[in-house]
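Here is the naming used below: chain letters follow the sequence lines, and residue numbers restart at 1 for every chain.
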Amino acid sequence: MYSVADLKKGLKLTLDGDPYVVIAFDFTKPGKGQALYRTKMRNMINGTILDRTYRSGETFEPASLEERQMEYLYKEGTHYTFMDQQTYEQVVMEEETLGDSKNFLLENLKVDVLIFGEKAIGASLPNFVNLRVVQTDPWAKGDTSGNDSKPATLETGYVLRVPPFIEEGELITIDTRTGEYSTRVKG
Amino acid sequence: MLFRHNNLIRRARIIQEIRHFFVSQGFLEVETPLRIPANAPEEYIDPICSANWFMQTSPEICMKRLLCQGHEKIFQISHCWRRGERGRHHVPEFTMLEWYRANNSYLDLMKDCENLLRWLAVECCQQENIVYQGKNIYLTHTAKRLTVKEMFQKFSALTMEEAIVGDTFDEIMVTQIEPALPLDIPVILMDYPVEMAALARVKPSDSTIAERFEFYLGGLELANGFSELNDPFEQRKRFLLANSKRLATGSAPLPLPEPFLTELAALPPSAGIALGVDRLIMLLVDANRIDEVLAFSPEDL
């Protein structure tokens with residue numbers, strides 16, 4: 001059990017059955033009034049942001065979360081399957097839960113899957129992944145339109161802007177935190 | 001750490017100029033004991049024990065006794081202690097500026113606040129207005145005076161009276177009213193409900209309102225001032241009520257400052273105010289956290 005004294009950024013707790021992470025926290029005490037603990041929390045399943053104000057003496061259930069390294073296996077419709085390589089246990093995550101991570105998932109990629117109770121509620125990917133460009137228009141030499149980027153489709157179906165010199169079939173590095181092109185993989 | 005080093009130099013200069021301001025206005029600087037047998041009991045202020053006495057939570061008790069002895073304009077810069085208060089704008093040991101005026105009311109203190117800030121901006125920042133966290137604060141502008149009642153009418157679904165009855169006054173204040181206060185000029189939030197009067201006098205024209213105000217600057221609550229209650233019977237009643245509320249919420253009741261209550265009948269009509277010096281320095285040096293203007297944070301010790 002946590003008390004208000006334990007509140008800080010990054011603390012994970014259970015509220016109405018869902019796991020939340022504290023993303024902002026402040027102690028306040030309006031003139032001659034009581035101590036209040038203002039928090040901003042993000043629902044770790046659906047991303048909803050919640051503002052809650054607590055008084056001294058209130059308590060919270062910790063969120064029992066576990067992070068396990070798993071390998072991405074395959075996708076079926078909107079279900080993504082991952083496997084724990086130690087126990088061979090498989091978990092399935094909805095596309096919606098994965099959020100933007102789905103854009104960078106390539107079979108056999110190792111990711112950290114976050115488990116709340118029995119449920120997989122998120123995956124954290126490596127900050128950088130390499131993916132192949134499957135479609136992009138050739139660089140029109142002498143293009144004077146001033147465009148310093150062009151659209152490209154990756155093998156996961158994700159579309160992003162890349163520099164004009166990138167060609168179809170090339171391997172590029174993507175920053176999974178921003179979803180942006182990072183560098184071209186040489187060789 | 002360099003910014004902390006520079007802030008300490010500016011802090012010394014600001015405190016020097018606070019003294020200069022009050023002395024130039026004819027105030028007497030006083031020093032009263034920091035360790036005392038009893039503070040004014042308040043529902044939500046927990047003192048820190050020192051042997052069988054307490055560290056002061058405010059110098060108010062001793063300073064008002066000096067008014068009873070005939071001093072008319074006094075000020076003090078001293079440390080105060082309040083247990084458990086720690087946050088971006090709170091440390092359990094902090095520096096308080098208090099000043100008192102005999103034969104004046106809370107309205108005179110409001111003008112002092114405006115004048116003090118203008119003085120410090122010019123003397124310590126070499127400008128008439130200041131910039132805090134990227135926003136201009138126009139100190140040359142008269143402070144916006146807003147009543148607590150009208151702010152509840154404008155920004156809360158509940159009236160001030162309903163919030164008191166429903167025990168949600170503080171939450172509404174912090175989540176709805178404080179965020180609605182203007183940031184670009186000084187703000188005076190005035191006329192608190194009598195239930196939150198503490199040591200303030202009731203307004204002669206309205207027995208539900210106390211002559212109490214909070215001075216806000218850049219969204220920061222900087223000072224709490226009021227016309228002083230000088231009725232010892234009423235004051236004892238309020239102290240006992242604060243103690244019974246403390247008991248009801250699991251806090252220990254606190255001893256009463258008996259000599260103060262005995263002398264209170266001799267207090268001329270007066271007004272007094274407590275201003276958080278660390279927060280004042282935060283505003284003048286544009287610091288985001290109170291720690292940035294302290295020599296040491298409690299966690300550093």
Verify the neighbour count for atom [atom1] of [X]: are there more than 12 heavy atoms of other residues, nucleotides or ligands below 6.0 Å?
{"X": "F128(A)", "atom1": "CZ", "value": "yes"}
{"X": "N46(A)", "atom1": "CG", "value": "yes"}
{"X": "E299(B)", "atom1": "CD", "value": "yes"}
{"X": "K245(B)", "atom1": "NZ", "value": "yes"}
{"X": "Y88(A)", "atom1": "OH", "value": "no"}
{"X": "E66(A)", "atom1": "CD", "value": "yes"}
{"X": "E67(A)", "atom1": "CD", "value": "yes"}
{"X": "R68(A)", "atom1": "CZ", "value": "yes"}

Requested in this report: Determine the option with the most heavy-atom pairs under 4.5 angstrom with chain B, choosing from S56(A), G57(A), A5(A), G31(A).
Outcome: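 Most heavy-atom pairs within the cutoff with chain B belong to G31(A).
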Query raised in the report: Between E171(B) and R55(A), is there a side-chain N and carboxylate O pair less than 4.0 Å apart?
Result: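 A salt bridge links E171(B) with R55(A).
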**Report entry** chain A-proximal positions within residues 85-100 of chain B [heavy-atom distance under 4.5 Å]
**Finding:**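 The list, in residue order, reads E85(B), R86(B), G87(B), R88(B), H90(B).
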Query raised in the report: Which bit of D167(B) is near chain A, if near means a heavy-atom gap under 4.5 Å: side chain, backbone, both or neither?
Result: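 Both backbone and side chain of D167(B) come within 4.5 Å of chain A.
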Query raised in the report: Where does D170(B) contact chain A at under 4.5 Å (heavy atoms): side chain, backbone, both or neither?
Result: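 Interface part for D170(B): both.
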Query raised in the report: Atom NZ of K32(A) and atom CD of E221(B): how far apart are they, to the nearest 0.5 Å?
Result: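 Atom-to-atom, K32(A):NZ and E221(B):CD are 10.0 Å apart.
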Report task. Using a cut-off of under 4.5 Å on heavy-atom pairs, state which of I45(B), N224(B), V174(B), L189(B) scores highest against chain A. Result ->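 Most pairs with chain A among the choices: V174(B).
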Query raised in the report: Using a heavy-atom distance cut-off of less than 4.5 Å, which residues of residues 20-30 of chain A contact chain B?
Result: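 The stretch touches chain B at D26(A), F27(A), T28(A), K29(A), P30(A).
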